[in-house]
There are 2 protein chains.
Amino acid sequence: MSDGRNGPVTIHDVARAAGVSIGTVSKALNNTGSLAPATREKVLAAVKALNFRPNVLAKSLHTGLSGTVGLISNDSFGRFTMPIMEGLEGVLSENGMGVFMCNATDDAEREKAHLEQLLAKQIDGIVVTSRRADRRPAVDLQGIGLPVIYVFSHSDDPDDLTLLPDDEGGAFTAVSHLIQSGRKRIAHVTGPDHFEAVRLRQKGWLAALAQAGLPPGPILHGEWSEAHGRALTTELMVGPFRPDAILCGNDRIARGAADALRESGLRVPEDVALVGFDNWKVMVEACRPPLTSVDMNLRELGAETGRRMVQMIRGTPQSGTIRLPCSLVLRDSA
Amino acid sequence: MSDGRNGPVTIHDVARAAGVSIGTVSKALNNTGSLAPATREKVLAAVKALNFRPNVLAKSLHTGLSGTVGLISNDSFGRFTMPIMEGLEGVLSENGMGVFMCNATDDAEREKAHLEQLLAKQIDGIVVTSRRADRRPAVDLQGIGLPVIYVFSHSDDPDDLTLLPDDEGGAFTAVSHLIQSGRKRIAHVTGPDHFEAVRLRQKGWLAALAQAGLPPGPILHGEWSEAHGRALTTELMVGPFRPDAILCGNDRIARGAADALRESGLRVPEDVALVGFDNWKVMVEACRPPLTSVDMNLRELGAETGRRMVQMIRGTPQSGTIRLPCSLVLRDSA
DNA sequence: TTGAAAGCGCTAACAT
DNA sequence: ATGTTAGCGCTTTCAA
């Protein structure tokens with residue numbers, strides 16, 4: 001607490017207290033070189049007594065590594081970034097590393113400013129995340145060779161490493177489940193098709209139908225909202241194709257669908273089964289009935305990002321686009 | 001790009017390129033000391049040419065300041081932490097500072113581990129946030145005098161600085177609005193009363209009623225869910241007190257209330273007006289009708305945290321509990 | 001106005 | 001086994 005002098009406790013204070021040189025303290029702290037056990041004990045005792053905490057910034061000057069990663073979000077720390085960040089931070093902090101949060105909100109200027117700050121802070125790597133998984137220009141590292149991972153965001157440079165959920169596989173799994181539980185007329189109500197994820201999920205839906213020899217139902221596009229889920233579902237149900245199941249592009253659409261069906265006197269899942277996408281807790285639980293939904297496992301996506309980032313920082317380069325599996329979470333709607 | 005040598009460009013490289021000493025480069029960069037304009041130009045030209053970026057870690061060794069703040073969240077980066085983080089990061093990054101994200105999830109061990117990492121990284125301050133605003137033990141800084149701000153979380157040490165939304169004022173504003181629009185029988189359906197926020201909102205509700213000379217309606221407690229919103233509202237409507245308005249403890253409860261009312265044939269807001277709390281976009285917009293709700297202005301709360309953190313780091317100590325105003329966002333339900 | 005030199009807290013090679 | 005010393009990239013006196 002009161003070490004007599006002012007300012008933080010340094011390695012010199014420890015050396016003095018233990019009656020050794022600072023080099024010896026350093027060795028004791030890092031288990032390097034050779035040291036008499038007794039000396040080590042003495043040093044560690046002084047460290048405890050003085051409550052000494054090594055300054056990692058000073059250490060960084062030597063190693064060239066700061067033990068720090070920058071996370072640039074274009075999601076304003078939104079719903080998708082959160083779990084990714086959680087998984088990432090968990091893995092990195094286990095490795096003694098920290099995460100700098102930056103919010104760029106799809107503003108190139110802000111992103112550039114953040115990049116400058118991060119580089120000045122000597123970060124060891126960059127993670128770029130986004131609100132959606134469409135292609136974006138690669139971050140401009142100005143020739144500085146720094147590991148970069150795009151997660152839930154997609155660099156247009158194929159030499160970059162991009163981590164994404166397997167949207168197509170997720171949709172395939174969901175539709176296969178519907179088919180296995182006896183559904184034969186499966187429609188798809190989803191979001192705007194300028195989203196890559198929308199196109200991929202559509203592909204998975206079609207693939208599962210094709211594999212079972214079932215005809216593709218209609219596909220309806222709209223905004224990602226409950227209101228559109230209701231409207232599109234109503235539209236769908238008065239059409240010629242009477243679905244016995246609907247794969248929804250996200251949980252909000254699915255919840256809108258559930259409401260529309262119930263209010264038109266149809267039962268879920270007896271008359272029409274429903275599967276959502278995102279497995280967003282507040283949505284799936286509030287839905288009537290509770291919604292079966294595809295989970296993109298974003299937490300795990302973030303954790304995998306962390307593991308790969310550690311590898312890259314240690315010198316193993318990685319590139320390409322990797323898709324991690326989604327999982328279907330069963331509830332009452334399908 | 002290729003500066004001939006390996007590794008990052010240092011101040012020495014710039015000095016060499018500009019034909020001056022490193023001391024001169026430093027002065028040119030920081031506008032300190034006296035320097036011939038021509039020399040400054042020469043240096044800055046070299047900086048540009050080499051794409052030199054000062055190493056702030058090295059600078060930190062002198063200043064003792066890292067330009068870095070740690071944010072310890074106990075919310076797993078949840079819905080409430082997000083906007084706070086966004087506001088905080090915005091202000092701090094404007095000041096050239098960065099934010100380290102840590103997720104402690106209410107685990108004292110994890111919090112301690114994070115604290116150690118943050119201190120080793122020489123952070124200049126700590127922000128502690130939480131899922132709810134109940135009291136918590138102060139972070140143990142072990143005698144290190146470091147600025148700490150509790151936001152959307154409440155230290156049990158009155159000498160700490162705590163920033164919170166004005167729950168009571170928010171409820172008061174909401175109920176006053178209901179009264180002004182002619183409502184006279186105002187009930188309160190809310191969350192578990194072990195939440196400080198619940199008790200404060202209740203207080204605001206009562207105060208507004210008292211000021212208007214209206215009798216307090218019933219108050220019903222339940223979980224923060226739509227299901228409980230529906231159940232409690234149904235219970236309320238069959239009771240002896242026929243409310244013409246309900247202040248809801250959060251938006252989920254309010255949305256449940258809206259559904260229950262509509263499904264029992266009552267119109268919102270004609271028969272019963274509804275006000276929610278949180279102004280959570282997906283909830284208020286999906287609600288039928290769109291929900292009038294109290295916004296806690298968490299983004300601004302985060303921004304204010306950032307401003308005060310900057311002040312504290314600059315040497316102005318602060319303490320006490322400060323409550324920032326909520327605002328009522330009008331939509332169709334009241 | 002500019003340069004030389006002494007550190008900031010720490011590591012690591014080299015002496016002893 | 002331990003101490004000495006030369007930096008890591010930068011700032012900041014103090015001389016010149």
* **Distance, rounded to the nearest Å, where A:Leu119 contributes CG and D:dG9 contributes P** => 16 Å

* Do A:Lys59 and A:Pro54 have side chains that get closer than 4.5 Å, going by heavy atoms? -> no

* Asked: Is there a side-chain contact between B:Tyr150 and B:Val139, using heavy atoms and a 4.5 Å cut-off?
  -> yes

* Hey, can you tell me if B:Phe152 and B:Phe80 have their rings parallel, tilted or perpendicular (30° and 60° cut-offs)? => tilted

* State, yes or no, whether a side-chain contact exists between A:Ser66 and A:Lys121 at a heavy-atom distance under 4.5 Å. => no

* To do: Evaluate salt bridge (Lys or Arg N to Asp or Glu O under 4.0 Å) for A:Arg307 paired with A:Glu94, printing each intermediate quantity in order.
  => CA-CA 10 Å; A:Arg307 281 178 227 116; A:Glu94 279 170 18; over 6 Å; no

* Asked: Taking OP1 and OP2 of D:dT2, is either one under 4.0 Å from a side-chain nitrogen or oxygen of A:Thr39?
  -> yes

* d(CG, B:Leu50; P, D:dG9) in whole Å -> 14 Å

* Structure fact -> Angle separating the five-pair end axes of the helix from C:dT1-D:dA16 to C:dT16-D:dA1, nearest 10°, is 50°

* **Result of checking B:Thr105, B:Asn103, B:Thr81 against B:Asp75 for side-chain hydrogen bond (donor to acceptor under 3.5 Å, both in side chains)** => B:Thr81

* Measure from CZ on B:Arg40 to P on C:dG3 and round the result to the nearest Å. => 14 Å

* Ignoring backbone atoms, test whether A:Ser34 places a side-chain nitrogen or oxygen under 4.0 Å from the OP1 or OP2 oxygen of D:dA1. => yes

* Closest to side chain of A:Ser21, choosing from D:dT2, C:dT1, D:dG3 -> D:dG3

* Asked: Heavy-atom distance under 4.5 Å between the side chains of A:Leu115 and A:Gln142, does that happen here?
  -> no

* Asked: In whole angstrom, what separates A:Leu65's CG from D:dG9's P?
  -> 13 Å

* Quickly work out the B:Asn31 CG to D:dT11 C1' distance and round it to whole Å. => 15 Å

* To do: Check whether any side-chain heavy atom of B:Met85 sits under 4.5 Å from a side-chain heavy atom of B:Val99, and report yes or no.
  => no

* Do nucleotides 9-16 of chain C as a string where each nucleotide becomes B, S or -: B if the base has a protein heavy atom under 4.0 Å, S if just the sugar-phosphate does, - if no protein is that close. => BBBB----

* Side chains of B:Val128 and B:Val148: does their closest heavy-atom pair fall under 4.5 Å? -> yes

